[in-house]
Amino acid sequence: MRTIAAALMACALGACATQPTTTRAHAGTAADAAHAMVAVIETAGLGIRIAAHERSLGTYVPVLLAEAEEDGTAIRDAFDAIQPPVASSDGVRSRLSAILGVAVDQLSRARISARRDAMQQLGSVGLDLRRTSDALRAVEHELG
Amino acid sequence: MKRLVEITLGILTAIGGFVDIGDMVANAESGARFGMGLTWAVIVGVIGICLYAEMSGRVATLTKRPVFDLVRERLGARMAFANLGASFFINFLTLTAEIAGVAIAIELVTSVNYLFLIPLVALLVWIVIWRVRFETMERIFGLLGLMLIVLAVAVWRFGHWHLLMHSATHPTVPTGEGIPTYFFFAIALLGAAMTPYEVFFFSSGAVEERWTPKDLLVEKLNVFIGFPLGGLLSLAIMATATVLYQPRGIEVSHLSQVALPASVALGRVGLAFVLVGIFAATFAAALETALSAGYTVAQFFGWQWGKFVRPTDAPRFHLVVIISIILAAILGITAIDPIKVTEYSIVLSAAALPLTYFPILVVSNDPAYMGEHVNGRFTNALASVYLVLLLVVAAATIPLMIGTKAGA
């Protein structure tokens, strides 16, 4: 995850030379970001699953979810920092950016619920994350 | 039981060498990205380390001279100094990552940020090295590290044998992954299996334990049980990631993800075992690398070294160990990513392998040192093939690292 986030970050920080210069390249970067976020959500989903089934110990799940949140934030920030090459790419940017933001918010809520040992809320966030994951997969499929 | 106790040096070396923080993440990442398609790289690495660790242990047992002593004698002072510089640097990076790894393992159960725990862990590593006898140290951490076998139980619990066997015997590069990246990971796994500090530690440990020619059987048991066990644990980590992560498209970049399959498959007990195992394995690796820092420098300069003498009799050895631990802790608390540090150290160590292994091969064929215990023909033939392989790997490592952006 960090590799993808780092690559996206490198794209963002690398000025014009590494910015996508075509609509297609931008769409590809967006698909990669969606894919990376799905992977983060999948990890969080497994964490929520073991917490729900009381298969965890101590603060293991909250730490796992905090790492997922950190990875998700890195992915969102890296994607947001990418300059869309043409105006027609703005739609892709705002659409994906919104979903990535929702994902990060849900990952934060999952971490908070897990730390409070609020299993019911955690289960509810798990369902929300599942829906967000489906939306991201749709974006990835469309753009990839 | 007596035999198990006798082979704890091999187990400790293998646990610390094969399943340290970088190896755990590298194996899990390989499984998540390539399935069991890199099993062959682990097997090649296990055979290679068995071959050369056995030679280095035999040489140390018979001559009382560990590897770095021989490196200096056979390569000359200048070449050996270059080897010392490279080995020490790689070893230092690994020590940094291991201290951080122990702290992360504690964070997983306490939620205390690992950066706050690093100084405490560094102090603990030093206390164990300073106060605990070598044999006690290897028995405690070697045997606790065996708790990682719970990951093999998790593999059994998951089932999917057909998938795992097929993936291992029909290695392919999945869609979306490049062939150079595949070989970069193969080199990383080979470098992880044959990392030089394992032979520095194992051969110095043979001297620490005062092995004599009568202990050659124990030496072989250590090698041929301990190291394959380390390889088995590596494959178990890879297999759990193949089953749990690859179908979900999950990439592995945190130590916590190595423990997750045990929890999914075996619940709290599995998680408890794997967390203790991760703590012990990273702690063992921290001990190995801290001691190896002292071993290599002291052996190169001809100072008194080792835990088998009182600290006051080997002050410079202990000073190097202490300074290495302090500097590693300082580097660790800069929040440098320990996983990345150790991944780079594994790959860089692959580039330095021939310099470490060539002198071992030469000395283990010298009847003046070895008497009747020189290498047999089969050993020499296999060791020569490996030396050529290591030269190819050393030449390919840096270009592949640059070309693949370190496997990104």
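Proteins come first, then strands; the chains are lettered A, B, ... in the order of their sequence lines, and each starts at number 1.
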Which heavy atom in [X] sits nearest to a heavy atom in [Y], and how many Å separate them?
X: A:Ile50; Y: B:Ser263; answer: CD1-OG, 3.1 Å
X: A:Ala39; Y: B:Ile250; answer: O-CG1, 3.7 Å
X: A:Thr59; Y: B:Glu107; answer: OG1-O, 3.7 Å
X: B:Ser111; Y: A:Val63; answer: CA-CG2, 4.1 Å

(request) Could you grab the distance from atom CD of A:Glu67 to atom CG of B:Leu255, nearest 0.5 Å is fine? (result)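 Going from CD on A:Glu67 over to CG on B:Leu255, the span is 8.5 Å.
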(request) May I ask you to test the B:His254-A:Thr43 pair for a side-chain heavy-atom distance under 4.5 Å? (result)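 Side-chain contact under 4.5 Å: no.
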(message) Is it the case that atom CZ in B:Phe183 sees more than 12 heavy atoms from other parts of the structure closer than 6.0 Å?
(response)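 No.
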(message) With a sphere of 6.0 Å drawn around CZ of B:Phe273, does it hold more than 12 non-hydrogen atoms of other residues, nucleotides or ligands?
(response)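 For B:Phe273, atom CZ is not crowded (no more than 12 foreign heavy atoms under 6.0 Å).
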Answer yes or no: is there a donor N or O on one side and an acceptor on the other, between the side chain of [X] and the main chain of [Y], under 3.5 Å?
X: A:Arg55; Y: B:Leu271; value: no
X: A:Tyr60; Y: B:Leu260; value: yes
X: A:Ser56; Y: B:Arg268; value: no

(request) Tell me, for A:Leu57 versus chain B, whether the close heavy atoms (under 4.5 Å) come from the side chain, the backbone, both or neither. (result)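 Both parts, backbone and side chain.
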Given a strict heavy-atom distance threshold of 4.5 Å, which part of [X] is in contact with chain A: side chain, backbone, both, or neither?
X: B:Ala265; value: backbone
X: B:Val109; value: backbone
X: B:Ala259; value: both

